[in-house]
Protein chains: 2
Amino acid sequence: MCGILNNIMSEAIYVTVQADLKQKIYQGEFPNLKLPDERSLAEQYGVSRSSIKRALNVLVQQGVIFKKRGSGTFVNPLYLKNHAIFQHEGSNLGVSDSFRVDGQAPSIELLDFQVIPATPEQQQALFLNDGDFVYEIKRLRRLEGVPFMIERGYVPINVLPGLNRSIVSGSVYEYIEKTKHRTVTKSFMTIMAEPSNLEDQQLLELKANEPVGIMEGIFFMDDGTPLEFSTMRLHYKYLRYNAFVSLDSE
Amino acid sequence: MCGILNNIMSEAIYVTVQADLKQKIYQGEFPNLKLPDERSLAEQYGVSRSSIKRALNVLVQQGVIFKKRGSGTFVNPLYLKNHAIFQHEGSNLGVSDSFRVDGQAPSIELLDFQVIPATPEQQQALFLNDGDFVYEIKRLRRLEGVPFMIERGYVPINVLPGLNRSIVSGSVYEYIEKTKHRTVTKSFMTIMAEPSNLEDQQLLELKANEPVGIMEGIFFMDDGTPLEFSTMRLHYKYLRYNAFVSLDSE
DNA sequence: AAAATAAATTGGTGCGTTCCAATTGGTTTT
DNA sequence: AAAACCAATTGGAACGCACCAATTTATTTT
C-alpha cells in the first residue's frame, strides 16, 4: 500500500489529508461515526502519524470531529446533520463575502471618505504613531436594495497609499489582493448590541425600539500588518454570529 | 544554561511554556514586541524546538502573537493594551465561569423547572428521538445583585436522570464534573440581538427601547454527548463577545 | 456472576533531525 | 543611486522515534 493522495502539488500534506477526510466524512464514509485509528490512517495515506495528527487537529478545531484518548476519533454528529451552518463558522472576514446571499454581493454606497489624523484609539489598534494619518471610510451596505449595515473603517495611509473614492466604493480586499498580493486572513472582533440612534434608524430603516448589532474589530493581513479598524452597525436582524468554541489546551 | 521552567508537574511542557510566555508578554518583557526566534527559545527553556512551536501556535490561536516566516514572531499590540478582553476570548462555556467577576460567581434564581416533551427543534439540537423528554430550566442570573441574564436551558432526562430543583439552583456543570466525571468543553453558539419584550424589561430592568443580546447554543460534554440546548437573553450591556478569527488552513 | 486484574488499543507529549520557503540585510554590479 | 544578487535569519513541513496516559477488552480471581 502506498498512499491514496491526489496531492495538487504545493499544498501541504496535512491540508490535503484534512480536506480529503472532511469530504469523506461528509459523504458518510464512516457510518458508525468512528474514524480509523491514527496509525492506520498514517499507513493508508502513506504519511507519518505526525501529519495525520496535524490534519485531525485542524478538524477538531473546526468542530468536525472530536477525539477521545484511549477510545478513538469520532465524527461530530452535528456536522453531518447541520453542516450548512458550519460554513460560516469562524469566518467573518471580508464583509462582502460573509454576507453574500445566493451569490449576490452587497452593494455599497460611499457616504464619506477623507483623511484624518489617527485618534489614540486608532493608533493603538493599528500600530500607529502620533501624527500618523488614516483614511476614514464610511459606507452603507445594502443587500438586494435593503440597507443592513453602516460601516466606518479606518485604514492607515502608509499601508494603502493609493486609496481613492473609486476603490473604496468597491471591495478594498480585492484591491489588496490584486495590487499587493496580500490576503486578509485574521481579525479580532468584538460583538455587541445597542439601542439604535437617530442615524441608525434613518439609514437602516429601524423603528425607535429596534436595536443595532455592533461588530467592531481589527483586520490583519497575512503578514500581520493591521489593515483596518472597523465599526459596523448592523440592522439587528442581520446580526447572526456563529461560533464553535472549544476549551481544550488552555 | 539549562532551562528556566518552574514546571508544576503534570502540566504538559508546551502548556507551561505557553503560560510563561504569555505572562512575560503581559509584563512587557519584549519591549520591541518581538520575541526571540524559536531556536533560541528552545535553548532558553531547555526544550525542543517542536515544543516551542507548539506553545507558540497556541498563542497564535489565541491571538496573542503572530508569526511571520522569515521575519520573526511578534506580540499582538492589541493584547498588551486590551488583554482583559482576551480573557474571555473563545471561552463562553459555562456561564458561571464566563461571567465571573473578581472571583465572584453570578447568583442564580430558579424561575421554573419541569419536564416536557422535546420540541422538534430540541430533538434536532440534542440528538433526540420523538417522544423523548427534556428538563426545562429557567433561571435568572445576577451579578452583584444586578440581573443580567434570563436563561432557558433544555437538558435530556436520559443524559442527567438525577436532576432536581436543588442541583439546578446551582451549577449544573459542577454537578456533572463531580458525579459523571465529564467536563463540558465544547459549544456551538449563535449570537443575535432583539428588541426586548415585556418580560425582558421586567426581569432585566431594561427601558422599552433597550434591547437584549441573545446567545443560543448547544453545549457538549467531552465525549461528544450533547448536554444542553440553551437560550440566554442578556442585558445588552453584558453582551460582549470577543472572537479571534483566523482563516488559515481551510 | 461479580469483581479485580492484566493486556491491548488508542490518542498525547516530546525530542531531534532534515529540508524547504519567505524575508531581511548586506554586497556587488550596473 | 538603483538594481540585481547573494547569504544569513527565521518560521514551516514532515518524518520517525520513544514513551506516557486514558480507555476498552479480555482474562483471571473471588
Side-chain angles (χ1 to χ4, degrees), chain A residues 2-3 5 7 9-18 21 32-61 65-75 180-183 185 221-225 248-250, chain B residues 2-3 5 7 9-19 21 30 32-61 65-75 180-183 185 221-225 246 248-249:
Chain A
C2 59
L5 286 187
N7 202 331
M9 267 322 271
S10 88
E11 273 283 44
I13 285 187
Y14 76 95
V15 175
T16 313
V17 171
Q18 170 263 353
L21 279 173
N32 51 354
L33 297 186
K34 187 175 196 303
L35 269 64
D37 69 281
E38 297 181 346
R39 289 157 176 96
S40 309
L41 282 173
E43 204 180 354
Q44 283 175 40
Y45 278 99
V47 303
S48 73
R49 187 177 160 213
S50 323
S51 298
I52 293 293
K53 287 187 88 68
R54 194 156 179 190
L56 290 179
N57 282 335
V58 173
L59 292 176
V60 167
Q61 209 58 37
I65 61 176
F66 56 87
K67 304 199 261 189
K68 217 175 150 185
R69 188 200 300 205
S71 177
T73 304
F74 305 88
V75 177
K180 303 199 56 164
H181 304 289
R182 285 259 99 92
T183 55
T185 52
M221 296 190 287
D222 53 11
D223 67 347
T225 313
D248 281 327
S249 57
E250 233 220 329
Chain B
C2 58
L5 286 188
N7 201 332
M9 266 322 269
S10 88
E11 273 282 43
I13 285 187
Y14 75 95
V15 175
T16 314
V17 171
Q18 172 261 355
L21 280 173
F30 309 107
N32 51 353
L33 297 186
K34 187 175 194 305
L35 269 64
D37 69 281
E38 298 181 346
R39 289 158 176 95
S40 309
L41 283 173
E43 203 181 354
Q44 283 176 38
Y45 278 99
V47 304
S48 73
R49 187 179 162 211
S50 324
S51 298
I52 294 293
K53 286 187 90 68
R54 194 157 180 188
L56 291 179
N57 282 334
V58 173
L59 293 176
V60 167
Q61 209 58 35
I65 60 176
F66 56 88
K67 304 200 261 190
K68 212 172 153 185
R69 187 200 298 204
S71 179
T73 303
F74 305 88
V75 177
K180 303 199 56 163
H181 304 290
R182 284 261 99 90
T183 55
T185 52
M221 294 189 287
D222 53 11
D223 67 346
T225 313
S246 197
D248 279 329
S249 53

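Lettering of chains follows the sequences in order, A, B, ..., and the numbering in each one begins at 1.
For the pair B/Glu11 CD and C/dG14 C1', the computed distance is 15 Å after rounding to whole Å. Rounded to an integer number of Å, the gap from B/Glu43 CD to C/dG16 C1' is 14 Å. C/dC15 atom P lies 11 Å from atom CZ of B/Arg54, rounded to whole Å. Nucleotide C/dG12 holds its P atom 17 Å from the CD1 atom of B/Ile13, rounded to whole Å. A/Tyr45 has its OH atom 14 Å from the P atom of D/dA14, to the nearest Å. Rounded to a whole Å, the CD1 atom of B/Ile52 is 16 Å from the P atom of C/dT13. Computed from coordinates, the B/Phe74 CZ to C/dA22 P distance equals 17 Å when rounded to whole Å.
In this structure, the side chain to side chain contact (heavy atoms under 4.5 Å, CB included) partners of A/Lys34, at least two apart in sequence or on a different chain, are A/Asn32, A/Phe74. Among residues two or more places apart in sequence or in another chain, the side chain to side chain donor-acceptor pair (under 3.5 Å) test is passed with A/Arg39 by none. With sequence neighbours excluded, the residues forming a side chain to side chain contact (heavy atoms under 4.5 Å, CB included) with B/Leu33 are A/Phe127, B/Val75, B/Pro77, B/Leu80, listed by chain and number. Residues passing the side chain to side chain donor-acceptor pair (under 3.5 Å) test with B/Ser48 are B/Ser51, sequence neighbours excluded. Every residue was checked against the salt bridge (Lys or Arg N to Asp or Glu O under 4.0 Å) condition with B/Arg69, not counting sequence neighbours, and none meets it.
Remark: A/Ser50 is not in phosphate contact with D/dG16, judged by side-chain N or O atoms under 4.0 Å from OP1 or OP2. At D/dA14, none of the side-chain N or O atoms of A/Tyr14 fall inside 4.0 Å of OP1 or OP2 (strictly under the cut-off).
Here the OG1-CG distance, from A/Thr73 to A/Leu59, works out to 10.0 Å after rounding to the nearest 0.5 Å.
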5' to 3', nucleotides 4-11 of chain C under a 4.0 Å protein heavy-atom cut-off (B base, S sugar-phosphate only, - none) gives -----BBB
